[in-house]
Every structure is written in structure tokens, then in C-alpha cells.
Amino acid sequence: MTWSVPRCPGWLVALGMLAAVYLAGVGAVLFAPHGDPVATWWPAAGLAVSLVCLAPRRWWSVLALGIVVSSGLANVTGGRDLPVSLLFGVANAAEAVAAAAILRGGGRRRPRLESQDDFIKLGLAALVGGATIATGAALTVVAVDQGSFLDTWPSVFASHAASTFILVPVALASWATVGAPSRGFRTIRRGELLVQVLALVVVTGLVFAPTQTLPVTFLPLPVLVWAALRFDVRTVVWQLAGVSVVTTYLTAHGYGPFGANLTIGRIDAMAAGMLTQGYLLCAGLMSLPLAIAAEQRGRLIDRIRASERLFRRNFTESLVGMLLLRREGESLEIVDLNDTAARLVGSEQADLVGGSLGDLLDTSERLELVAERMLAGNLEGWRAQTGLRDREGARVNVALSLLARDPHPMFAAQLLEVTAEYDARRRLERAEKLTSATLDTTACIILVTDLGGKIVRVNSATTDLTGYSEEELLGRPVWETTIVPTSAADVEALFLAPPRSGRPLMREADATTKNGEKLRIVWNNNIVRDEHDRPVNAVLTGIDVTAERNTSGLMVHLLEAAITTALIGIDNAGRITVFNAGAQNLLGYHYEEMLGEPFVRLLDPEELGTRTGTRDDEAAFAALTSTIGPGGEARMRDWTWVSKDGTHHTISMTLSVTADSSRSPIGFLCVGRDVTEQRQSQEMLVAALDKERTAVERLRKLDEAKNEFVSTVSHELRTPVTSIVGYTEMLQDGSIVEPDPGQLPLLATIARNGQRLIVICNDLLMLSGLDSGAVQWEREVLDLTTILKPVEEAVRPLLIGRDLTLRVDHPDVPLVVLGDRAQLERVLLNLLSNAVKFTEDGGEIDCRLEEHEGEAVLTVSDTGIGIPEEEQGGLFEKFFRSSTAQNRAIQGTGLGLSIVASIVAAHGGRIGVRSAHLAGTTFTVRLPLKRPSARG
């Protein structure tokens with residue numbers, strides 16, 4: 001229902017109402033009781049209050065001045081003095097403004113008479129306005145000595161309050177549409193209204209008839225209540241205003257109960273006026289609230305009916321299936337449903353009413369439990385997507401809500417079929433999964449951008465190839481990445497001028513990964529369009545061809561490089577398909593000359609026929625490929641190739657099978673290298689090696705003869721030298737004759753030199769035996785620590801007469817090796833005696849035996865004359881003597897260290913030296929231990 005906004009009166013209407021205030025005031029003064037300073041009823045008050053409360057607030061000051069003038073003129077016209085009239089006018093204006101302020105309240109909304117709150121405001125405005133004018137009028141009367149304050153105040157209050165209470169509703173009802181009833185409602189009650197008005201006229205005439213003294217003033221009130229219950233507020237206020245005018249007029253002329261009492265002198269004129277106005281106030285208090293309540297009820301009923309009609313229409317004509325449910329026991333019983341719900345479920349309405357909703361829906365959650373939660377206040381509403389038990393494959397969206405809890409719980413359910421949407425969504429989800437799986441399993445870069453060039457989707461291969469995660473790429477403009485060499489202008493051109501053919505744009509460019517690696521990418525760019533053929537996305541697909549380009553470049557380089565290696569591609573029929581620059585340089589043929597020629601024509605025909613047994617090209621090639629083994633390659637073999645100018649070349653050739661990515665044979669590859677000069681060099685080298693082998697054999701035999709000669713000479717020399725030394729000793733000790741004193745030095749020299757010859761012979765025999773393997777070793781388990789003491793005692797005599805310090809470190813734990821005690825003692829004795837021999841007086845000699853990393857380590861160091869570093873390479877060779885020893889004329893044969901090295905090597909050990917000229921010498925002998933030493 002539409003409520004119109006009250007219209008405010010214009011200036012012409014305002015002037016008319018001010019004129020009405022003037023006329024009503026004149027009438028009230030003229031009809032005032034004789035001798036009474038105030039009027040019995042003052043309708044001008046209601047008119048003035050109505051004018052101010054309906055006007056905009058900005059007019060109030062002007063209207064107040066107009067009320068002062070109008071009311072003052074009315075009093076002057078009625079015969080009152082000018083000062084009294086002016087004061088009454090000011091009081092009337094104050095009354096109008098005070099009452100209007102209460103009616104308007106603090107808001108900008110103009111007053112209405114639509115609710116009980118509006119009625120309370122009306123009553124309060126009447127009281128405040130009446131009190132305001134009553135106080136002003138009483139003070140005026142007292143000031144001019146025309147009456148008392150207590151007598152005047154009640155009369156003025158009653159007349160003005162009644163006027164405001166009765167006439168302001170008339171103005172409000174006339175200037176505003178307060179919710180008129182429907183046309184049908186008015187039509188039905190027109191006759192009743194006529195009857196009610198006649199009844200009111202008759203009753204009012206009877207009650208206030210002349211000479212009527214019976215106390216039946218209550219009779220008009222039920223008729224007014226009749227109007228309030230059956231008609232609108234506008235009708236009631238007009239009837240109330242009419243009753244007020246008639247009652248006041250008749251009472252003022254002595255009619256009715258109040259006038260009769262005035263006539264017989266029971267009450268005075270002021271009391272009669274007060275009773276009349278009180279009567280009118282009571283009539284208004286009884287009828288107006290009732291009329292407002294009845295109209296509110298009528299409007300509410302109309303709204304309910306309209307809502308019911310709207311609901312019923314929406315319910316029955318709704319495209320959504322709707323059901324009304326009632327809680328019966330634990331189930332939700334169907335009370336009513338529309339046609340859409342019946343069609344959706346697939347049954348008749350009559351068959352469904354009284355059934356359970358749970359029997360229709362295939363829900364995962366029990367509806368009884370849902371209803372319990374909603375009744376308990378734990379759930380506002382329930383929504384779900386479910387299936388239908390009687391329609392396989394159908395899907396519906398269900399919304400369940402609570403309508404009322406008492407006296408019987410009522411629920412509403414809405415069913416919306418979404419089978420098509422559900423199937424479409426499932427197809428879309430499957431398509432999306434397929435698309436995602438396709439994108440993620442595609443081993444190439446795939447970037448999807450929006451119309452602005454921002455990346456909206458990335459596949460997993462992009463992260464694997466570039467190192468950028470999906471989070472690092474999403475939302476970034478594609479030209480800001482190092483992957484796609486595309487600018488904002490390129491992307492804009494892609495959208496503004498996309499290829500209409502639908503074929504993608506291809507380009508090849510470099511891309512940089514996150515770690516700075518360069519990739520060669522072949523890009524395919526295309527546009528995705530919507531159903532209106534408008535571009536919505538761009539798809540950029542990049543294939544990494546870095547390896548292919550590198551391989552291709554390498555292959556081109558290998559094939560085109562001017563090298564001596566011939567690379568020849570051959571198809572399955574034996575025809576040449578590839579002929580590289582190396583083959584061209586080697587044979588003198590150009591690539592175009594050999595393309596499609598039989599490969600076997602490059603080979604020497606005589607050699608080919610001899611090796612394959614045929615001169616037919618196809619048979620010969622088949623014989624060649626038959627030599628290819630299981631590994632797909634024939635062994636390398638020398639063949640004679642014939643160049644363009646007839647020159648024969650010896651080519652080391654191998655033939656292998658070539659296959660595609662699926663390992664299917666697609667041809668053969670021949671790799672040939674010119675080895676003509678190499679084979680000639682090899683023949684010359686073989687001849688030289690034969691000569692060298694002969695020379696080595698001769699040298700070996702010569703060395704064996706030398707060793708045999710040395711061994712023989714040593715044997716032959718040792719026997720006579722031994723005899724010389726023995727006879728010299730007999731001459732020295734006087735066994736034969738007593739020697740002269742002068743002969744003793746000579747005999748000592750002979751004996752000393754003889755001993756030296758014996759030592760040399762023994763050393764030569766030892767070396768000869770070591771070289772020939774004739775020396776027999778004693779293999780025994782011995783503790784190396786046990787040889788230190790005997791060797792130390794054997795060396796001590798060499799220190800007699802020398803200023804040398806010898807220190808021998810005896811270890812506390814045994815160091816067990818497997819070897820010959822005598823030979824190992826000889827090693828230590830030789831090293832210590834050399835240290836004594838080559839160390840000058842004042843020097844020091846240290847001997848230390850210890851274990852290190854599973855080996856026995858014997859170290860002999862001295863502070864002697866040392867060995868120059870450049871001469872240490874031949875230190876352990878036979879007859880080696882350092883230049884330092886030779887310059888100092890130190891005697892020696894140079895065989896001792898050679899013997900020591902041979903003994904150490906025979907025991908599986910090794911010997912090392914660290915020395916320098918005049919910086920001392922340190923010899924280190926390492927022998928493998930038999931077992932780890934026991935410590936502690």
C-alpha cells in the first residue's frame with residue numbers, strides 16, 4: 001500500500017487559515033456568555049495550531065506574527081480592549097507554536113495521526129497549548145481587573161485544549177492520506193455510514209434539545225465509537241468536530257443538560273463551558289484512539305491479506321519447488337507443496353501431502369537431526385545439494401528454514417533442480433582436471449595471461465625448466481620476466497591484431513632461467529576467445545630446443561669443418577645421403593656429386609671383390625653391413641679408398657647403424673680416417689723396434705757376460721788375496737820369522753789393502769747373486785729391535801779416535817718382520833758406517849726405529865757432508881760416488897748403497913733419502929710388519 005507524503009499549505013492557504021482564525025475568534029467572543037471575560041470554546045486555537053504544525057519551520061515566525069494580528073483583531077472586533085486583545089493574541093500565538101512544536105517533535109517529519117504515539121502527541125500538544133494560553137489569559141484578566149486567575153485559568157484551558165484536540169485531527173486528516181481503505185471496503189460500508197451519521201444527528205439532537213434536562217449526555221458517545229470501529233479516522237474526526245460545534249452552540253444557548261443547569265442557576269456560565277469542553281474531550285478520548293487502532297488493524301489486515309495473496313501466488317507460481325512442512329514425531333511431514341516441487345520430485349501433489357521429506361531426498365545428513373538443531377537454536381538454516389530417491393542421477397539444491405516453533409513447529413523447504421548444472425560442473429571439473437593434467441605433464445613452458453599481459457596460470461614444467469616457482473610468476477606482467485622476450489607492446493599487438501586464421505604465432509628466442517642459465521626456446525603464441533569471439537586470454541607455449549640447437553650446431557660444425565675424418569651417411573639401400581667436408585677434402589668429390597651414389601664405389605674394386613667375393617654394388621654393400629655386430633657397429637678395419645684423381649688412400653673405416661628416437665634403423669654411418677701416413681710410419685717403427693729389440697738382446701747378453709765375468713774374477717781374486725792376507729798375518733805375528741820393526745808398517749799396509757780387496761770381492765759377488773737371483777735368503781720371523789744392539793757394538797770401534805756422537809733409540813715394543821737377520825743387520829751396519837765415514841768430527845749420528853702406519857721405519861741421520869740434490873738420482877746405482885766424497889778423497893767403492901737398496905727391495909720394503917750439500921743426510925728404510933706391534 002502506498003502512503004502519500006502530506007503536503008504543506010501554501011501562502012494562499014495560510015492567509016485563508018489566518019482569516020479563518022480571525023472569524024472563529026470573532027464568533028467565539030460574540031458567543032461568549034454574558035459577563036464572562038473568556039469564551040466558552042475557542043476554535044481559532046485549533047485552526048492556529050493546525051496552520052503552524054503543517055507549515056515549514058521557517059514560516060513559524062511569520063505565522064506567529066499573523067496569529068497575533070488575527071487573534072488580536074478578533075478580540076478587538078468582539079468588543080474587547082486593545083491591550084487585552086493584544087495580550088490575548090500573543091498568548092494565542094505562543095499556544096500555537098508550543099503545541100506545533102510538540103506535534104512536530106525534533107524531526108522534520110510533519111505530524112500524522114496514524115498510531116497511538118501520534119495520538120499521545122496530540123493529547124500532550126492540547127494540554128501544553130491549553131496550559132500556555134490559560135496562563136497568559138489568566139494573567140491578562142488579572143492585570144485589567146476583569147476577573148480572578150483561578151476562575152479564568154480552568155475555563156480558558158478547557159476551551160482551548162478541546163479546540164486543539166478536536167480540530168487539529170481534522171486538519172491532519174484533511175491534509176494527509178492516512179491509509180484510505182480499499183475501494184471494496186468503502187463500497188460495502190457506504191450504507192452503514194449513512195445510517196451511522198443519521199443516528200449521530202438524531203442522538204445529538206435529542207440529547208441537546210431545548211428543555212432537555214435528563215443526564216443522557218453519554219448517548220452520542222456509543223455512536224462515535226461505532227464510527228471509530230467501522231470507518232476511517234477521517235470520518236471520525238469530522239463527526240467529532242461536527243458534534244463539538246453543535247454541542248457548544250446549543251449549550252451556549254441554554255439547550256441540553258449543561259444549558260438547562262445554567263438556566264436554572266445550578267451552575268454558572270464558566271462551569272457550563274468547562275463541562276461542555278470536558279464532555280468533548282471525553283468524546284475525543286474515547287473515539288480517536290479507537291479509530292486509530294481500528295484503522296491500524298485494518299491496514300495490518302490488508303497487508304496480511306496482500307502478503308498472503310502474494311505468498312500464495314509466489315508459492316504456487318514459483319519456479320522453485322516449495323514445500324511447507326510440519327514436525328510430526330521425528331519426521332518432517334509435508335503439509336503443502338507447489339506444482340514445481342511435485343514435478344521436480346516426479347509425483348502428484350495429492351500423493352506427496354502427508355509424506356515425509358526424508359523419503360524424497362537422498363541426503364547424507366538426517367533431516368530429523370537438522371530439525372532438532374534448528375529448533376534448539378544451534379542452526380539458523382540448512383542448505384545442501386542432494387539427490388532424489390525416485391530420480392536416479394537428479395540433483396537438487398535444498399534450503400530448509402524454520403517458520404514457527406509454537407504451537408507446532410513449521411518448516412519451509414525450497415528445492416531447485418541443478419541436475420544440468422551439476423552435470424555441466426562435473427564435465428567442467430573433468431575437463432579442468434584433464435587440462436591441468438595435460439598442462440602439468442607437457443614437457444614445455446606454458447604461460448596463460450589475461451588481457452593485460454599478467455600471468456594467471458603456469459604449468460609445472462615451467463618451474464622445472466626455468467627454476468621460477470608458480471608464486472613468483474603469478475600476477476606478474478609477462479614482459480617483466482626473464483623467460484619470455486616479449487614487451488608490453490608485443491602483448492598489446494597480440495590482443496589488438498590476433499591471427500584470424502587460428503594458427504599460432506611462432507618465434508625463437510633466448511630465455512634466462514632463475515639461476516642465469518641461457519635456454520633456447522621456440523615460442524608459439526595464440527589467443528583464447530569466448531563464445532562471442534572476443535579475446536580473453538593469451539597462451540604462450542615454449543619448447544626448450546637448447547640441446548637440439550647445440551647438437552645441430554655441433555653436427556653442422558662437424559660436417560662442414562675441414563677435417564681429415566670422413567663422415568658419410570648411407571641409407572638402407574646403400575646410397576650416400578651425407579658427405580661431409582672431411583670426405584670432400586680427402587677424396588676430392590663435391591657433396592652434390594656423391595649425393596645418391598652407391599657407397600661401395602668409393603672403395604678399391606679389387607680389394608672389395610676379394611673381401612666380399614662379389615663385384616655387384618648391392619651384394620657388396622650387403623656383405624659390408626653383415627659384419628655389423630650386435631652392438632650396432634662393425635669393428636674398425638683398413639680399406640683402400642680411391643679419390644677423384646685416382647689416388648689410393650688407406651682408410652681406417654668403421655660402419656655403424658643409425659636409428660631414430662624409436663630405435664628403428666634408418667641407415668648407416670661410415671666414419672673413415674686417412675691412416676696412409678700412419679701405416680707407413682708404423683711399418684718404419686716396427687722395423688726400428690726390431691733393430692732395437694736385437695740391440696737390447698745383445699746388451700742383455702753382454703750384461704750377463706759382464707756379471708759372469710765379475711763373478712768369475714771375484715772368485716778368482718778372493719782366493720789369492722785371502723792367501724796374501726793370511727801369509728801377511730803370519731809374517732806380522734812372527735810365526736815364520738821375526739819381522740824387522742821397519743817391515744811391520746809395510747806388512748800392515750799389505751794386510752789392510754788385502755782386506756779391502758776381500759770386501760770388494762764379497763760385494764761384487766753379493767751384487768752378482770742379487771742380480772741373478774742366486775742368493776738364498778733366510779726367511780724367519782724376527783724382531784728388528786734385536787739387531788740394533790749388535791750393530792751398535794760393531795760400529796762403536798769405528799768411533800775410536802773420532803769426535804762423534806752416536807745415539808741409538810731402542811723402542812720399547814717389538815717390531816716383527818719376516819726376513820733375513822744377517823742381511824738386515826748388513827743394511828743397518830752399512831748405513832751407520834757410511835754415516836760415520838761421511839761425518840766430520842764434532843758431528844752427530846742418530847738411529848731410530850719406530851712403527852708408522854703398519855710399517856717398521858728405520859731412520860739413520862747424520863750431520864755430515866751430505867749429497868748434492870742433483871746427484872741423488874743415481875745414489876743407489878753401482879759404483880756411485882758423490883762429487884763431495886770424491887773431492888774430499890774419501891775411500892769407497894760405491895757398492896754399499898746399491899747392496900742396501902737391493903736387500904730392502906728383496907724384503908718388500910723401500911728406501912728413501914733426504915739430503916743436500918753440506919746439510920747432512922737422512923736415510924729412511926720402510927719394511928712391512930709381520931703383525932701389528934703390541935703396545936703397553
Side-chain angles (χ1 to χ4, degrees), residues 759-760 762-763 765-767 769-770 775-800 802 804-839 843-852 854-867 872 875-876 878 880 885 890-915 920-930 933:
V759 171
I760 291 174
N762 291 335
D763 289 343
L765 290 173
M766 174 61 72
L767 286 173
L770 291 174
V775 177
Q776 297 296 324
W777 300 98
E778 295 290 339
R779 296 292 180 178
E780 62 175 325
V781 177
L782 62 94
D783 183 3
L784 283 181
T785 59
T786 59
I787 69 172
L788 294 178
K789 190 64 174 177
V791 175
E792 181 182 2
E793 293 177 353
V795 174
R796 289 293 180 184
L798 300 178
L799 301 178
I800 298 174
R802 301 288 305 276
L804 295 175
T805 302
L806 173 62
R807 289 189 294 269
V808 179
D809 184 10
H810 295 270
D812 297 332
V813 295
L815 298 177
V816 180
V817 298
L818 183 63
D820 191 321
R821 176 183 294 272
Q823 299 300 333
L824 293 177
E825 287 181 353
R826 183 170 185 170
V827 169
L828 181 56
L829 181 61
N830 191 303
L831 293 177
L832 287 176
S833 60
N834 280 347
V836 173
K837 183 192 301 185
F838 295 105
T839 302
E844 298 179 351
I845 301 172
D846 290 320
C847 178
R848 184 172 65 258
L849 181 62
E850 59 186 354
E851 178 190 356
H852 181 68
E855 293 180 326
V857 181
L858 175 65
T859 304
V860 177
S861 59
D862 60 59
T863 58
I865 61 177
I867 305 169
Q872 293 179 10
L875 182 61
F876 299 103
K878 300 174 184 178
F880 170 82
I890 300 176
Q891 296 180 352
T893 61
L895 298 175
L897 291 179
S898 177
I899 295 173
V900 168
S902 298
I903 295 174
V904 171
H907 283 76
R910 59 189 186 278
I911 185 170
V913 63
R914 186 180 68 253
S915 180
T921 304
T922 299
F923 285 96
T924 302
V925 177
R926 299 178 181 272
L927 297 173
L929 290 174
K930 176 64 176 175
S933 60

Worksheet entry | Residue pairs fulfilling side-chain hydrogen bond (donor to acceptor under 3.5 Å, both in side chains) with at least one residue in residues 791-800, sequence neighbours excluded | Glu792-Arg796, Glu792-His810
Worksheet item: Can you name the nearest heavy-atom pair linking Gly843 to Thr863, along with the distance?
Response: CA-OG1, 3.3 Å
Worksheet item: Sub-3.5 Å donor-acceptor pair from the side chain of Asp862 to the main-chain atoms of Ile845, do we have one?
Response: no
Item to complete: Answer whether the closest heavy-atom distance between the side chains of Cys847 and Val791 falls below 4.5 Å.
Response: no
Worksheet item: Taking C-beta and beyond as the side chain, do Val860 and Asn834 meet within less than 4.5 Å on heavy atoms?
Response: no
Discussion item. Restricting to side chain to side chain donor-acceptor pair (under 3.5 Å), what partner residues turn up for Thr839, sequence neighbours left out?
Written reply: none
Worksheet entry | Asp809: salt bridge (charged side-chain N to carboxylate O under 4.0 Å, His left out) partners, not counting sequence neighbours | none
Worksheet, complete the sentence: All heavy atoms of Ser915 vs all of Gly920, minimum pair found to be OG-O, 2.9 Å
Worksheet entry | Audit row: Val808, Val795, side chain to side chain contact (heavy atoms under 4.5 Å, CB included) steps and yes/no | CA-CA 11 Å; Val808 179; Val795 174; over 6 Å; no
Discussion item. List the residues meeting side chain to side chain donor-acceptor pair (under 3.5 Å) with Arg910, not counting sequence neighbours, and say none if there are none.
Written reply: Glu855
Fill in: From Ile903 atom CD1 to Gln823 atom CD, the distance as rounded to the nearest 0.5 Å
4.5 Å
Practice prompt. Before giving the answer on side chain to side chain contact (heavy atoms under 4.5 Å, CB included), spell out for Leu929 and Glu851 the whole-Å C-alpha distance, their side-chain angles and the decisive distance to 0.1 Å.
Written response: CA-CA 9 Å; Leu929 290 174; Glu851 178 190 356; 3.7 Å; yes
Practice prompt. Mind checking side-chain contact (heavy atoms from CB on, under 4.5 Å) for Ser861 and listing every partner two or more places apart, or none if nothing turns up?
Written response: Asp846, Thr922
Worksheet item: Out of curiosity, Thr924 OG1 to Arg848 CZ, how far, rounded to the nearest 0.5 Å?
Response: 8.0 Å
Worksheet item: Partners of Glu844 by side chain to side chain donor-acceptor pair (under 3.5 Å), sequence neighbours excluded?
Response: Arg807
Worksheet item: Is there a side-chain contact between Ile911 and Val827, using heavy atoms and a 4.5 Å cut-off?
Response: no
Worksheet entry | pair Leu849-Val857: side-chain heavy atoms closer than 4.5 Å | no
Practice prompt. Could I get the full list of side chain to side chain donor-acceptor pair (under 3.5 Å) partners for Arg802, not counting sequence neighbours?
Written response: Asp841
Would you list the atom pairs, donor with acceptor, under 3.5 Å between side chains in residues 781-788 and any protein atom, with sequence neighbours excluded?
unit_1, atom_1, unit_2, atom_2, d
Asp783, OD1, Thr785, N, 3.1
Asp783, OD1, Thr785, OG1, 2.9
Asp783, OD1, Leu815, N, 2.8
Asp783, OD2, Thr785, OG1, 2.6
Thr786, OG1, Asp783, O, 2.5
Thr786, OG1, Arg821, NH1, 3.0

